[in-house]
K.L.:
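One structure coming up, written as structure tokens, with questions to follow.
Position 1 is the first residue of the sequence; numbering continues from there.
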Amino acid sequence: MDALSEALLAGADPAEIERTPLPDHYQATHLRVEDRNMFDGLPERDVRKSLQVGPVPMPELAPDEVVVAVMASSINYNTVWSAMFQPVATFDFLSRFARQGGYASRHDQPYHVLGSDASGVVVRAGAGVRNWRPGDHVVISCVQVDDQEPATHGDGMLGAGQRIWGYETNFGGLAHYTVVRASQLLAKPPHLTWEESASVLLTAATSYRMLVSDNGARIKQGDIVLIWGATGGLGGYAVQLVKNAGGIPIGVVGSEEKAALLRALGCDIVINRRDIGLGGDDALTPDRTIELGKRLGRAIRAAVGEDPHVVFDFIGQATFGISVFVVRRGGTVVTCGSSTGYQHQFDNRYLWMNLKRIVGSHAANLQEQWELNRLMRLGNISPVLSEVFPLSEVGEATRRVQLNQHVGKVGVLCLAPREGLGVTDPVTRARLGHERINPLRAPRSLAPVPAEERAA
């Protein structure tokens, strides 16, 4: 471990953090450009074979950037895409970004450091950074925007220069250090551990924009919201946001085990998709889509007496036609992804004749992320962390997400030597309690944390 990491874990104050030099290299999860065709002709793209953990050079710091010592990160599906080199090899993103010149050229490397979530400690701030200093505890937004682009000032997600850090940029968060723009930082909720807070921002803020924001479905009290994949990272936060807004979440899952977890999240109505005849490998012909839509609609009406106002769909090809069919007249289908395929088929008559809407959504702008982070800080929304791996086992962690063998979010410890560190507001944590903060994890007892480690 380098000297700066050792100082941080020993509880260094801001002055010592600034005095201690940055390492020339650091440990990071990365892909190698020479491996981009390694899966060609093979029946399976096993991400454990492409993901590497090893030293990479510390990049130069731009004036509007900070270096964060990453205590924990988590797995998002974009890391799976990157590691499969599908739907595109992400080295193509890096080379296009580098054509801007200047500091952007740093991103075009023969390696790509992955990861779009992180929590940690600021250790360096560029000359143009005003609001953040070494020693600050932060969580990191996945969204990088071009603040010199006019569209960004209306909605950061509409700017052509918007990129997802650690996917469309280099120097991501599954590492001991990361370099990010100051505009990506938010204050870490002080009652959460490093691993809990690192499992939140990308998926929770995406769900917030989809459901709550003026840019999404704008749910209100009493709205019935159908949530596909309700025990995943996106779905687990969607359930909580609907409840927090006074709505009625209806979660769809694929097993009784997941149904039990969903009820622990407070979901009012749980539907096992197998009970309506929807399996994982269905070939959804138009007639089959309508048949399943009718079955699902009957199940929802039997439970709450009405059709859903909103359908939350990131599943895509396997569910989208059903979503358009089942949402009520004048209702909204909001989508942010297509984990089962991008080519969606639906009967347009049910859309136009019933005045329904489809809203596309992607990540969240900084204000939306700030609002979501505030809900986390207040304890109104809880992490959906289910398990945690060390950085050395990031391949196994990502493989679980690739095969959908997980629930909620899978965390990764980076510099944090063990779970349970980083809490600086133990009073709020005690008030909320373990079960509320970790609804998807079995209760466990942590050994007392020494005082010098609590801030580490």
K.L.:
After noting the C-alpha distance and the side-chain angles of Arg288 and Glu291, does the key distance pass the salt bridge (charged side-chain N to carboxylate O under 4.0 Å, His left out) rule?
P.N.:
CA-CA 5 Å; Arg288 179 69 171 158; Glu291 177 189 353; 3.6 Å; yes
K.L.:
Less than 3.5 Å apart, any donor N or O on the side chain of Thr193 or Glu195 sitting next to an acceptor on the other?
P.N.:
yes
K.L.:
Would you please test Asp347 and Val324 for side-chain contact (heavy atoms from CB on, under 4.5 Å) and show each step?
P.N.:
CA-CA 8 Å; Asp347 190 327; Val324 172; over 6 Å; no
K.L.:
Asp136 side chain to Ala187 main-chain N or O, any donor-acceptor pair under 3.5 Å?
P.N.:
no
K.L.:
Evaluate side chain to side chain donor-acceptor pair (under 3.5 Å) for Ser338 paired with His344, printing each intermediate quantity in order.
P.N.:
CA-CA 9 Å; Ser338 296; His344 299 181; 2.8 Å; yes
K.L.:
Nearest 0.5 angstrom please: Asp147 CG to Asp64 CG, how far?
P.N.:
7.0 Å
K.L.:
Kindly compute the distance separating CG (Leu241) from CG (Leu372), expressed to the nearest 0.5 Å.
P.N.:
6.0 Å
K.L.:
Might you point out which heavy atoms bring Lys356 and Phe325 nearest each other, and give the distance in Å?
P.N.:
NZ-O, 3.0 Å
K.L.:
Does Thr29 reach the main-chain N or O of Leu114 with its side chain, forming a donor-acceptor pair under 3.5 Å?
P.N.:
no
K.L.:
When the ring planes of Phe171 and His107 are compared, do they come out parallel, tilted or perpendicular, using 30° and 60° as the limits?
P.N.:
tilted
K.L.:
Lys49 and Asp46: salt bridge (charged side-chain N to carboxylate O under 4.0 Å, His left out), yes or no, with the steps?
P.N.:
CA-CA 6 Å; Lys49 297 179 180 179; Asp46 186 338; 5.2 Å; no
K.L.:
Checking the side chain of Asp307 only, and the main-chain atoms of Val327 only, is there a donor and an acceptor separated by less than 3.5 Å?
P.N.:
no
K.L.:
Does a donor on one side chain and an acceptor on the other come within less than 3.5 Å for Thr332 and Arg357?
P.N.:
yes
K.L.:
Starting at CD1 of Ile269, measure out to CZ of Arg263 and round the result to the nearest 0.5 Å.
P.N.:
9.5 Å
K.L.:
Can you check whether Ser105's main-chain N or O pairs, donor with acceptor, with Asp108's side chain at less than 3.5 Å?
P.N.:
no
K.L.:
Hey, is the main chain of Thr231 close enough, under 3.5 Å, to the side chain of Lys258 for a donor-acceptor pair?
P.N.:
no
K.L.:
Look up atom NZ in Lys294 and atom CD1 in Ile276, then write down how far apart they are to the nearest 0.5 Å.
P.N.:
14.0 Å
K.L.:
Does the Lys NZ or Arg CZ of Arg163 fall within the cation-pi geometry relative to Phe93 - under 6.0 Å from the ring centre and within 45° of the axis?
P.N.:
no
K.L.:
Are there more than 12 heavy atoms of other residues, nucleotides or ligands under 6.0 Å from atom CD of Glu257?
P.N.:
no
K.L.:
Could you check whether any side-chain N or O of Glu149 sits under 3.5 Å from a backbone N or O of Gly161, counting only pairs where one atom can act as donor and the other as acceptor?
P.N.:
yes
K.L.:
Does the salt bridge (charged side-chain N to carboxylate O under 4.0 Å, His left out) test come out yes or no for Glu196 and Arg429, once each step is laid out?
P.N.:
CA-CA 12 Å; Glu196 290 163 355; Arg429 188 174 182 86; 2.8 Å; yes
K.L.:
For Gln100, is the CD atom crowded, meaning more than 12 foreign heavy atoms sit under 6.0 Å from it?
P.N.:
yes
K.L.:
Counting only heavy atoms not in Arg328 (residues, nucleotides, ligands), do more than 12 fall under 6.0 Å from its CZ?
P.N.:
yes
K.L.:
Okay, side chain of Arg181, backbone of Val145: is any donor-acceptor separation there less than 3.5 Å?
P.N.:
yes
K.L.:
Is there a donor-acceptor pair closer than 3.5 Å between any side-chain N or O of Glu168 and the backbone N or O of Ile164?
P.N.:
yes
K.L.:
Verify the neighbour count for atom CD of Gln405: are there more than 12 heavy atoms of other residues, nucleotides or ligands below 6.0 Å?
P.N.:
yes
K.L.:
To check you understand the geometry: which heavy-atom pair defines the closest contact between Thr289 and Gly321, and what is its length?
P.N.:
CG2-C, 3.4 Å
K.L.:
I'd like to know whether Phe346 forms a side-chain contact (heavy atoms from CB on, under 4.5 Å) with Ser323, so could you lay out the CA-CA distance, the side-chain angles of the two residues, the decisive distance to 0.1 Å, and finally the verdict.
P.N.:
CA-CA 9 Å; Phe346 60 89; Ser323 296; over 6 Å; no
K.L.:
If only atom types and distance count, is the side chain of Thr340 paired as donor or acceptor with the main-chain N or O of Ile315 below 3.5 Å?
P.N.:
yes
K.L.:
Any pair with a residue in residues 67-77 that passes side chain to side chain donor-acceptor pair (under 3.5 Å), sequence neighbours left out, goes on the list, sorted by first then second residue, please.
P.N.:
Ser74-Asp117, Ser74-Lys409, Asn76-Asp117, Asn76-Lys409
K.L.:
Using distance alone, with no hydrogens and no angle criterion, decide if Gln144 and Gln184 have a side-chain donor and acceptor under 3.5 Å apart.
P.N.:
yes
K.L.:
Using the side-chain contact (heavy atoms from CB on, under 4.5 Å) rule, take Leu94 and Thr90 through it: C-alpha gap first, then chi angles, then the decisive distance, then the call.
P.N.:
CA-CA 7 Å; Leu94 306 184; Thr90 50; 5.7 Å; no
K.L.:
Could you pull out the closest heavy-atom pair between Trp194 and Ser119, with the gap in Å?
P.N.:
O-OG, 2.8 Å
K.L.:
Distance from Leu51 atom CG to His30 atom NE2, nearest 0.5 Å?
P.N.:
9.5 Å
K.L.:
Any idea which heavy atoms bring Ser82 and Leu31 closest together, and the distance?
P.N.:
O-CD1, 3.2 Å
K.L.:
Determine yes or no for a side-chain-to-main-chain donor-acceptor pair under 3.5 angstrom, with Asn365 supplying the side chain and Leu158 the backbone.
P.N.:
no
K.L.:
Within the supplied structure, the quantity of interest is the number of heavy atoms (other residues, nucleotides, ligands) at a distance under 6.0 Å from Glu44 CD; does it exceed 12?
P.N.:
yes
K.L.:
Please name the residue in the list Val252, Thr335, Ile227 that meets the side chain to side chain contact (heavy atoms under 4.5 Å, CB included) test with Phe312.
P.N.:
Ile227
K.L.:
What's the verdict on side-chain contact (heavy atoms from CB on, under 4.5 Å) for Val143 and Met157, showing C-alpha distance, side-chain angles and the deciding distance?
P.N.:
CA-CA 8 Å; Val143 180; Met157 300 312 300; 3.8 Å; yes
K.L.:
Are the charged groups of Asp92 and Arg96 less than 4.0 angstrom apart, N to O?
P.N.:
no
K.L.:
Quick check for you: to the nearest 0.5 Å, what is the distance between Ile271 atom CD1 and Leu278 atom CG?
P.N.:
11.5 Å
K.L.:
Can you name the nearest heavy-atom pair linking Met376 to Ile381, along with the distance?
P.N.:
SD-O, 3.3 Å
K.L.:
Please step through salt bridge (charged side-chain N to carboxylate O under 4.0 Å, His left out) for the pair Arg377 and Asp425, ending with a clear verdict.
P.N.:
CA-CA 10 Å; Arg377 191 175 69 249; Asp425 183 2; over 6 Å; no
K.L.:
Only one of Leu185, Leu186, Thr152 forms a side chain to side chain contact (heavy atoms under 4.5 Å, CB included) with Leu366, so which one is it?
P.N.:
Leu186
K.L.:
Of all the heavy-atom pairs spanning Ser50 and Ala83, show the shortest one and how long it is.
P.N.:
OG-O, 2.6 Å
